[in-house]
Structure formats: C-alpha cells, structure tokens
2 protein chains.
Amino acid sequence: MNQQSTETYALWADFWQALSHPIRLRVLEALRCEGALNVGQLVDRLGIGQGHLSNHLACLKNCGLVTTEAQGRYVYYHLADDRVPTLLDVGEAIFRDHWADVATCAVVSQRPVPARG
Amino acid sequence: MNQQSTETYALWADFWQALSHPIRLRVLEALRCEGALNVGQLVDRLGIGQGHLSNHLACLKNCGLVTTEAQGRYVYYHLADDRVPTLLDVGEAIFRDHWADVATCAVVSQRPVPARG
DNA sequence: CTATTATATTGTAATATCGCAATACTAGAG
DNA sequence: CTCTAGTATTGCGATATTACAATATAATAG
C-alpha cells in the first residue's frame, strides 16, 4: 500500500471505519465466540433494534469482515476468515496498552474530551 | 476482549477510528517507509495545513499508534512498535479482497452511495 | 392466495467529525 | 530580553454518521 492514490486511501479508511463502532465490534466478538448467528439471535444478544442492527451488519459484510449464509428465512452471519480474529487480536493488544490515552482522544480535534467519564 | 462492558467497547471503537481517516493512514504509511519524520516534513509530504495535521497526529499518538521524540524545536514522529505495521498489513490484506464492496458501503446506512465515483 | 416471521431499506433529527483559519505555546538564536 | 521557526490548540461552518421508527422485501406455512 506504499504511496497509493488519495482515492485508495479514502476507501481503505472506509474499511477501517467498519471496526470503529461499538455495536459492530460487539457483533464481531459475538461471532468469534459463537461461530455463526442469525440476525434475530444477534438482536437478542446485543439488545438493539433489528433495523439498526441490520444496517451495521451490511457495513461489516461490505467491508469483508463477515459473510452470510441463507438458510430458509434465516440469514446466518459468521466471520469472513481467520484474518479477522487476527486483526482483532493485534488491535486489542495495542489498545490495551493505551486505553487510558484513547479515553482522552478527541479523535481528531475538539470533541469536549470529558463526555466519556 | 470477550464480553466486555459497553464502556470498553466504546473506547475500543475510538481506537479503531484512529485508522479510519485517509490522512492518518497516509501518515502511518509515510512513517513506515521513512522511519521518523517531524511535523514539517509530514506537512510537505502530505500537502495539508500544519494545524490540521497536528490534530491528526495527536489522535494517532493518543491511540498508541505513534510515539514522539522531541529534538530541539522539532518533534519527530515514528510508529509506536512492530505491532502497528502488522495491523496495517492484516487490514490491507482483507481490504484488498473487498475494495470493490467497500466502495458501495454506506458505512452504516444511507450515505448516498455514489458520492465517491 | 393470505398470514406470519425474518431480514433489509428508507427518512430524518440528533450528534460527531472534518477542514480551515486564527491564535497560542515552546525552544533556540542573538 | 526580543525575534523567529516549529508545533499545538481553539472556534466554527460544512459535512458525515448514528439511532430510531416506519416501511418494504423474502420465505414459509396453511
């Protein structure tokens, strides 16, 4: 990915954004623990609205982090491949060493910093 | 990270968000290629305003992806450790297999999908 | 066919991020 | 001290994302 086009970096940023939401991370962890779950099962585990979850699932699927398998009326989601847990593990390792600093990160600029604690 | 608190997932999401911006990705790639660069050198390479870049650098630093070393009036940035290039490589590998789908991803819901092409 | 269940999509108000300009802070030279 | 160069922070309009409710689509049973 050395010195790619601005366009490519924009797409790559969109890919990472799939990981940048608590609900999407919880979906990935649930799938990692349980293997495969359909939408209704995920709604139960996460306790959020079905339509809302479905939007997040579409995002994860488009970004190649999960795949789906239709079984009758049910659609089962599972992690796309072994690289996904690897990605989560490496990210978590770095995060664990810096979670206190992340808490103070106004992501890019002026989010009123407290707001979280 | 199995079944952590909602609070923890929110912070973890903020960590991933550090990777979710074209400028921040370009900074990481530049540092990977060149080892260490100060702010002025990064301004030259990226062609963006100094204040704007500085905000992005603060984000990367808070999230543990880069560290800094002050030398006189200059502040040199470099990748935090070897896990960072690993993270970028794994993410890029997945991304490369799905970039066409990512392009159609309205991240979570209704971004007017074209807008990019 | 109709009714029912499972999942996906859309509209939009609330909220968060981005990009830029202006300004403040810090270290060194003289 | 003052001056200058390098870096960090702040304010705010523009834009993008999120959460929720409503609605649409798909598959199966009867």
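Order of the sequence lines fixes the chain letters, A, B, ..., with proteins taken first and strands second; residue numbering starts at 1 for each chain.
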Could you check how far [atom1] of [X] sits from [atom2] of [N], rounded to whole Å?
{"X": "B:Ile48", "N": "C:dC20", "atom1": "CD1", "atom2": "C1'", "result": "11 Å"}
{"X": "B:Asp14", "N": "D:dT17", "atom1": "CG", "atom2": "P", "result": "16 Å"}
{"X": "B:Leu42", "N": "D:dG6", "atom1": "CG", "atom2": "P", "result": "14 Å"}
{"X": "A:Leu19", "N": "D:dT17", "atom1": "CG", "atom2": "P", "result": "15 Å"}
{"X": "B:Asn55", "N": "C:dC20", "atom1": "CG", "atom2": "P", "result": "12 Å"}
{"X": "B:His52", "N": "C:dA22", "atom1": "NE2", "atom2": "P", "result": "16 Å"}
{"X": "B:His21", "N": "C:dA16", "atom1": "NE2", "atom2": "P", "result": "18 Å"}
{"X": "A:Leu60", "N": "D:dT17", "atom1": "CG", "atom2": "P", "result": "15 Å"}

Answer yes or no: are there more than 12 heavy-atom neighbours, outside A:Asp82 itself, under 6.0 Å from its atom CG? no

Could you tell me whether a side-chain N or O of B:Arg24 sits under 3.5 Å from a main-chain N or O of B:Gln17, the two making a donor and an acceptor? yes

For a side-chain contact (heavy atoms from CB on, under 4.5 Å) check, start with the C-alpha distance between B:Leu31 and B:Tyr76, then their side-chain angles and the critical distance, and finish with the verdict. CA-CA 10 Å; B:Leu31 296 179; B:Tyr76 283 86; over 6 Å; no

With the side chain of A:His56 defined as its heavy atoms from C-beta on, choose the nearest nucleotide among C:dG19, C:dT10, D:dA19. D:dA19

Of the candidate nucleotides D:dT18, D:dT10, C:dC18, which contains the atom at the shortest distance from the side chain of A:Arg24? D:dT18

Can you pull out how bent the helix from C:dC1-D:dG30 to C:dG30-D:dC1 is, comparing the axes over its first five and last five pairs, to 10°? 20°

Judged by each residue's nearest nucleotide on DNA chain D, which is more toward the 5′ side, A:Ile23 or A:Gln71? A:Ile23

May I ask you to say whether A:Arg83 pairs ionically with B:Asp89, meaning some side-chain N is under 4.0 Å from a carboxylate O? no

Under a 4.0 Å N-O cut-off, is there an ion pair linking A:Glu29 with A:Arg32? yes

When A:Glu34 is tested against each of A:Gln41, A:Arg45, A:His78 for side chain to side chain donor-acceptor pair (under 3.5 Å), which residue passes? A:Arg45

Can you tabulate the close N/O pairs, meaning under 3.5 Å, that link protein atoms to atoms of nucleotides 5-8 of chain C?
| from | atom 1 | to | atom 2 | distance (Å) |
| --- | --- | --- | --- | --- |
| C:dA6 | O3' | A:Arg73 | O | 3.4 |
| C:dT7 | OP1 | A:Val39 | N | 3.3 |
| C:dT7 | OP1 | A:Val75 | N | 3.2 |
| C:dT7 | OP2 | A:Gly40 | N | 2.7 |
| C:dA8 | OP1 | A:Tyr77 | OH | 3.0 |
| C:dA8 | OP2 | A:Ser54 | OG | 3.2 |
| C:dA8 | OP2 | A:Tyr77 | OH | 3.4 |
| C:dA8 | N7 | A:Gln50 | OE1 | 3.4 |
| C:dA8 | N7 | A:Gln50 | NE2 | 2.7 |
| C:dA8 | N6 | A:Gln50 | OE1 | 3.0 |

side-chain contact (heavy atoms from CB on, under 4.5 Å) evaluation trace for B:Asn62 with B:Asp14: CA-CA 10 Å; B:Asn62 281 328; B:Asp14 283 348; over 6 Å; no

Answer yes if the side chains of B:Lys61 and B:Thr67 hold a donor-acceptor pair under 3.5 Å, and no otherwise. no

Test side-chain contact (heavy atoms from CB on, under 4.5 Å) on A:Leu65 and A:Leu28; report intermediate values, then the result. CA-CA 8 Å; A:Leu65 296 172; A:Leu28 294 174; 4.3 Å; yes

